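Let me begin by presenting the structure, written as structure tokens, before commenting on it.
When a ligand or atom number is given, it counts from 1 through the structure's own listing order. This is a predicted model, so every value here is computed, not measured.
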Amino acid sequence: MAHSNRPTHTAYDLVIIGGAMIGSSIAWWTARNPDFQGRILVLDRDLSFEYASTTHTNSCIRQQFGSEINIRISQFGVEFIRQFQDVMDDPEAPAIRLQNFGYLYLADTPAFAQVLAANQRLQSSLGAGTRMMTPGQIMQEYPFYALEDIVAGSHNPIDEGYFDGGTMFDWLRRMSRKRGVEYVQATVAGLRRNGTTVTHVVLGDGTEIAAGQVVNAAGPRAAQVAEMAGLSLPVEPRRRFTFVFEAEDRLPRDLPLTIDPSGVHVRSDGQWYMAGCPPHEDLAVDPTDFTMDHSLWEDKVWPAVATRIPAFERVRLRNSWVGHYAYNTLDQNAILGTHPEIANLLFANGFSGHGLQQSPAVGRGLSELIVYGAYRSLDLSPLGFARILDNRPLIERAVI
Ligand SMILES: Cc1cc2nc3c(=O)[nH]c(=O)nc-3n(C[C@H](O)[C@H](O)[C@H](O)COP(=O)(O)OP(=O)(O)OC[C@H]3O[C@@H](n4cnc5c(N)ncnc54)[C@H](O)[C@@H]3O)c2cc1C
């Protein structure tokens with residue numbers, strides 16, 4: 001598809017930097033709001049999204065978080081998935097199915113089992129279907145695991161698993177365009193600031209676009225955009241590896257997204273299986289660095305999955321890729337809303353491993369900030385900039 005690389009106007013009410021899942025969700029939610037009558041421009045350095053986190057995602061959603069705000073965000077995510085066909089408001093819009101295999105967190109220490117149990121109590125109090133399981137109970141339902149070292153697990157078979165994030169992303173873009181949002185392929189190279197406002201977005205070729213409000217939805221490059229406004233943001237690109245494999249002996253039922261104490265996770269992926277992990281040394285990388293570490297499969301991932309599931313002794317690697325988390329170094333959670341120094345620059349960054357599932361609630365919430373200046377549905381302020389500035393991490397102990 002040919003992309004325009006010049007905005008048609010010199011001024012927009014809203015300019016969104018980054019048009020992948022988060023930028024497009026914010027654009028769609030804002031454009032469909034009848035209280036917003038302005039012009040929206042989405043700028044992306046690469047509208048093929050080849051290197052965006054969104055393209056490398058594993059596209060799963062879970063209720064198993066340790067903080068109320070993240071649980072509520074995912075609950076809305078599930079509601080959005082269920083209503084997708086209706087809310088897209090187009091006769092051709094598809095339904096999006098959620099494949100509820102659940103996440104299974106495995107604890108090999110009593111201390112981590114207690115963390116899971118505390119999380120389960122919170123999740124359950126908010127209506128999630130998480131249950132704590134003994135190794136015996138896990139074996140009864142999933143006899144293919146080897147669990148000698150495991151003291152407990154937590155599993156939620158309701159509203160938790162895989163959804164087709166690619167289709168959701170395509171439709172958010174398509175329907176945003178239909179509602180008048182302009183997508184332009186251009187790199188944002190600077191922000192012109194006048195005191196407490198950003199007045200212009202500066203493109204790589206020097207073009208200046210006047211902006212009423214600006215959103216930073218630049219994924220792993222978000223800190224570069226913040227820096228353009230003179231702000232620092234604790235978000236960096238970190239590599240995450242995905243391996244898709246075929247097993248000679250398929251398991252008798254769907255494999256839950258199993259989070260192994262080794263740091264490797266594995267789940268069903270249609271007829272095949274998908275595993276992932278961080279690198280040996282989890283460091284920031286250049287945003288253009290997508291180098292594959294081939295030793296990870298042989299040395300770490302396959303040994304871990306074959307130890308946990310002996311049927312995976314005989315597998316064939318079918319595909320693998322590297323993607324970037326936009327890794328929030330303070331607490332691996334989203335940073336949403338404005339910074340106290342600048343009134344009209346909104347952040348939607350730092351999602352680490354859970355931005356895809358958070359995109360519906362974040363799009364809705366940020367659009368409320370844009371249109372009304374305050375959250376109206378779900379209050380996302382626990383994920384605001386204040387905790388970053390106060391160095392108060394919102395701790396999640398069961399991360400992936
Ligand atoms: C391997 C892997 C597995 C994952 N699994 C899951 C999962 O199971 N569930 C889940 O919820 N999340 C998951 N995630 C996380 C999720 O994919 C991301 O949080 C989400 O896609 C982030 O979307 P985004 O729009 O913020 O960022 P991106 O998709 O990275 O998009 C940012 C966009 O900004 C553009 N951009 C950057 N700088 C500029 C600039 N200066 N000018 C113009 N454009 C710019 C880029 O070109 C890019 O298109 C996973 C991520 C990875 C890498």
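- Contact record, P310 with R308: CD-O, 3.6 Å, taken as the closest heavy-atom pair.
- The shortest N or O to N or O distance between R221 and ligand 1 is not below 3.5 Å.
- Between Y51 and H324, the ring centre distance reaches or exceeds 6.0 Å.
- The closest heavy-atom contact to atom 44 (N) of ligand 1, among the options R45, M274, M21, comes from R45.
- When hydrogens are left out, the protein atom nearest atom 31 (O) of ligand 1 is A20 CB, 3.1 Å; that is the closest non-hydrogen contact.
- Ligand 1 places these atoms under 4.0 Å from at least one heavy atom of F49: 49 (O).
- Considering backbone and side-chain atoms together, V188 places an N or O closer than 3.5 Å to an N or O of ligand 1.
- S59 places no side-chain N or O within donor-acceptor distance of the main-chain N or O of D164, the cut-off being under 3.5 Å.
- Residue I17 has no N or O atom closer than 3.5 Å to an N or O atom of ligand 1.
- Side-chain N or O atoms of Q357 include none that pairs as donor or acceptor with a backbone N or O of S74 at under 3.5 Å.
- Set against the non-hydrogen atoms of H324, the atoms of ligand 1 under 4.0 Å away are 53 (C).
- Considering backbone and side-chain atoms alike, S53 places an N or O below 3.5 Å from some N or O of ligand 1.
- The protein heavy atom nearest to atom 12 (N) of ligand 1 is G353 O, 3.1 Å.
- D44 and G19 get closest at one heavy-atom pair: OD2-N, 2.7 Å.
- Residue contact check: F351 has heavy atoms under 4.0 Å from atoms 19 (O) of ligand 1.
- Against a heavy-atom cut-off of under 4.0 Å, G323 is close to the following atoms of ligand 1: 53 (C).
- Within the structure, ligand 1 has A217 among the residues with a heavy atom less than 4.0 angstrom away.
- In terms of polar-atom proximity, defined here as any N/O pair under 3.5 Å, D44 does make such a contact with ligand 1.
- When each of S359, S25, S377 is paired with R364, the side-chain hydrogen bond (donor to acceptor under 3.5 Å, both in side chains) condition holds for S377 and for no other.
- Ligand 1 has an N or O atom lying under 3.5 Å from an N or O atom of S59, backbone or side chain.
- Note on ligand 1: S352 sits in its first shell, one or more heavy atoms being nearer than 4.0 Å.
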Applying side-chain hydrogen bond (donor to acceptor under 3.5 Å, both in side chains) to Q123 and N156, what does each step give before you reach the verdict? CA-CA 10 Å; Q123 291 151 15; N156 172 20; over 6 Å; no
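- Those atoms of ligand 1 that come under 4.0 Å of a heavy atom in Q357, given as number and element, are 9 (N), 10 (C), 11 (O).
- Protein heavy atom nearest atom 5 (N) of ligand 1, with residue, atom name and distance: N58 N, 3.1 Å.
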Assess the residue pair S67 and E396 against the criterion (side-chain hydrogen bond (donor to acceptor under 3.5 Å, both in side chains)); give the C-alpha distance rounded to whole Å, side-chain angles, the decisive distance to 0.1 Å, and a yes or no. CA-CA 7 Å; S67 63; E396 283 285 351; 2.8 Å; yes
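- In terms of polar-atom proximity, defined here as any N/O pair under 3.5 Å, Y103 makes no such contact with ligand 1.
- For atom 34 (O) of ligand 1, the closest heavy atom belonging to the protein is G18 CA, 3.3 Å.
- Counting only distance, with no hydrogens or angles, the side chain of W302 and the backbone of F312 share a donor-acceptor pair below 3.5 Å.
- Geometrically, R239 does not engage F241 in a cation-pi contact defined by less than 6.0 Å to the ring centre and at most 45° from the axis.
- Although no hydrogens or angles enter the test, the distance criterion places a donor-acceptor pair under 3.5 Å between the side chain of T109 and the main chain of F112.
- In plain terms, the two heavy atoms of S352 and N328 that are nearest each other are OG-N, 3.2 Å.
- Of all the heavy atoms of A186, the ones lying under 4.0 Å from any atom of ligand 1 belong exclusively to the backbone.
- The distance from ligand 1 to the heavy atoms of L43 drops below 4.0 Å at these ligand atoms: 43 (C), 44 (N).
- The six-membered or imidazole ring of F245 lies near that of W297, with a centre-to-centre distance under 6.0 Å.
- For F241, no heavy-atom contact with ligand 1 is shorter than 4.0 Å.
- The distance from ligand 1 to the heavy atoms of A218 drops below 4.0 Å at these ligand atoms: 32 (C), 34 (O), 37 (C), 38 (N).
- Side-chain atoms of T197 never come within 3.5 Å of backbone atoms of T199 as a donor-acceptor pair (strictly under, hydrogens ignored).
- From the protein, the heavy atom lying nearest to atom 2 (C) of ligand 1 is H56 O, 3.5 Å.
- Among protein heavy atoms, atom 14 (N) of ligand 1 sits closest to T57 OG1, 3.4 Å.
- G219 CA, 3.5 Å is the protein heavy atom nearest to atom 27 (O) of ligand 1.
- Looking at C60 next to ligand 1, an N or O pair under 3.5 Å apart turns up.
- At least one N or O atom of I22 sits closer than 3.5 Å to an N or O atom of ligand 1.
- Ring-plane geometry between W29 and F76 is classed as tilted, the angle between the planes lying from 30 to 60 degrees on a 0 to 90 degree scale.
- Of the possible donor and acceptor atoms, none in the side chain of H200 sits under 3.5 Å from a partner among the backbone N and O of V202.
- Comparing heavy-atom distances from atom 20 (C) of ligand 1 across L356, L191, L203 singles out L356 as nearest.
- Side-chain contact, N70 with Q358: a donor N or O sits under 3.5 Å from an acceptor N or O.
- More than 12 heavy atoms of other residues, nucleotides or ligands lie within 6.0 Å of CG in D35, so this atom counts as buried by the packing criterion.
- With a heavy-atom cut-off of 4.0 Å, T242 touches ligand 1 through its side chain alone.
- Protein heavy atom closest to atom 29 (O) of ligand 1, with residue, atom name and distance, is T54 OG1, 2.6 Å.
- Under a 4.0 Å criterion applied to the non-hydrogen atoms of H354, ligand 1 contributes the atoms 10 (C), 11 (O), 12 (N).
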